[in-house]
Amino acid sequence: KRTVNKKEKMSGRKEPVRVCITGAAGQIGYPLTFEIAKGNMFGPDQPVILHLLDIEPCMGALGGVVMEVEDCALPLVQGVVATSDLKTAFDKVDYVLMVGAMPRKEGMERKDLLKANCGIFKVQGKAIDDYASKNVKVLVVGNPANTNALICQTSAPSIPKANFTALTRLDQNRATGLLSRRLKVPVENVRNVIIWGNHSKTQYPDVSHGYVAGANRQALSEAVGDNAWVQGEFVSTVQARGGAVIAARKASSAASAAKAIVDHMRDWVLGTSDGTYVSMGVTSDGSYGIKEGVIYSFPVTTKNGEYTIVQGLNIDEFSRRQMDETAKELFEEREEALSF
């Protein structure tokens, strides 16, 4: 929980928080920077100091991002640090958004991608451990996000494990939008869709505990009224949506990913509303029969900067199979990653 210091009380203005974006010159980092600078992540009254990290060959492009931030004349931006140096990037930061990662290239096996990113996230995790605030909150976006988050967490033993999360909010938003279009209802009325497990093609988008809000609240499964579609086309469409975007635009999701990052962090920091839960990749603790030791997406509620896994949801036979399958993949990835 963030405490208000004496200086803030006297001035009536919040002290700025330091936010690091890795891969800041990239296609997700670019729109994300301005979302944060405008107050969409931490609120309209929270000043920020932006720490923008990228690799040395991208320093020219990153300089252009800095110029654009300056040219926006945004009142919440109290400073911008642009660097390729990990110590400078992570120094005293309160939040780290780990967008930068090795992209999968043509002909590259998943194992090759995992190995390359393990090296990156080990080094960055250690730098976070060495230089960031000990209360830093970390969101890993670069794929494979869940296992990269685990590697980063393992490399930063002085930071609480609960402070490392992985992004599955993009999958939740994709599922919510698909249901909104199917049911022809406002997207904000589709509540409590869950993403279980890994941010991969084994993820399980689950409508069984969701509902359509409104004058006549209705369970999502009843509103859809087509169990074959829910367990078939709906699940496979959400699982494959990232690939569909790549096929269509010849580049991966950018604006939707930046929006999901904002949603994830805003809810983590500012809290979810009563009765609403959201999906976050968090450290497994045995909930719902998922063994400890991986970063697994669960439904959570958040308050005072802390999340709590929603307990007591009934898990049917179909859901159990899907949840176990994605857990199996995560433990396989874990064993592979820890062997490098």
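Since we're looking at a predicted model, the values are computed, not measured.
- Using a cut-off of 4.0 Å between Lys/Arg side-chain N and Asp/Glu carboxylate O, Asp324 and Lys328 are scored as not salt-bridged.
- Taking CE of Met98 as the start and CD1 of Ile128 as the end, the distance is 4.0 Å to the nearest 0.5 Å.
- Ser180 places a side-chain N or O within 3.5 Å of a backbone atom of Val185 that can act as its donor or acceptor partner.
- Residue Gln124 holds its CD atom at 5.5 Å from OG1 of Thr22, rounded to the nearest 0.5 Å.
- Checking Gln27, Arg241, Arg174 one by one against Ser253, the side chain to side chain donor-acceptor pair (under 3.5 Å) holds for a single residue, Arg174.
- Phe164 and Leu338 fall within the same hydrophobic cluster, where Ile, Leu, Val, Met, Phe, Trp and Tyr residues are linked whenever their side-chain heavy atoms come under 4.5 Å apart, directly or through other members.
- Judged by distance alone, with hydrogens and angles left aside, the side-chain atoms of Ser279 form a donor-acceptor pair with the main-chain N or O of Ile195 at under 3.5 Å.
- The backbone N or O of Ala25 sits less than 3.5 Å from a side-chain atom of Asp54, completing a donor-acceptor pair.
- Judged purely by atom type and a 3.5 angstrom limit, Thr301 has no side-chain atom pairing as donor or acceptor with the backbone of Tyr277.
- In this structure a side-chain-to-backbone donor-acceptor pair under 3.5 Å is present from Tyr296 to Met323.
- Under 4.0 Å is where a charged nitrogen must lie from a carboxylate oxygen, and between Arg321 and Glu325 no such pair does.
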Subject >> Pair Phe42-Tyr95, ring-ring contact (aromatic ring centres under 6.0 Å, His included): steps then yes or no >> reply: CA-CA 11 Å; Phe42 300 113; Tyr95 305 99; 4.5 Å; yes
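- Tracing side-chain contacts under 4.5 Å through hydrophobic residues (I, L, V, M, F, W, Y), one reaches Val80 starting from Leu74; they form part of the same cluster.
- Nearest heavy atoms, Ile295 versus Asn146: O-ND2, 2.8 Å.
- Figure legend: cation-pi geometry between Arg182 and Trp229, with NZ or CZ positioned under 6.0 Å from the six-membered ring centre and within 45° of its axis.
- From Lys126, atom NZ reaches atom NZ of Lys122 across 13.5 Å, with rounding to the nearest 0.5 Å.
- We find the NZ-OG distance between Lys134 and Ser158 to be 2.5 Å, quoted to the nearest 0.5 Å.
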Original post:
Is there a side chain to side chain donor-acceptor pair (under 3.5 Å) between Thr83 and Asp85 once you walk through the steps?
Top reply: CA-CA 5 Å; Thr83 184; Asp85 176 67; 4.9 Å; no
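- Side chain of Gln322 to main chain of Tyr204: no donor-acceptor pair is present (N/O by atom type, distance under 3.5 Å, no hydrogens or angles).
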**OP:** List the steps, then state whether side chain to side chain donor-acceptor pair (under 3.5 Å) holds for Gln203 with Thr168.
**Re:** CA-CA 9 Å; Gln203 65 173 273; Thr168 55; over 6 Å; no
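- Remark: side-chain polar atoms of Ser252 are not paired, donor with acceptor, to backbone N or O of Ile246 under 3.5 angstrom.
- Under a 4.0 Å N-O distance rule, the pair Lys115/Asp112 does not qualify as a salt bridge.
- Without hydrogens or angle criteria, Thr237 side chain to Glu233 main chain gives a donor-acceptor distance under 3.5 Å.
- Rounding to the nearest 0.5 angstrom, the gap separating the CG atom in Leu76 from the CE atom in Met41 is 13.0 Å.
- One distance of note links CD of Gln172 with CG of Asn192; it measures 8.5 Å at 0.5 Å rounding.
- Taking the six-membered ring where the residue is Trp, Phe34 and Tyr30 present perpendicular rings, their angle passing 60° and hence far from 30°.
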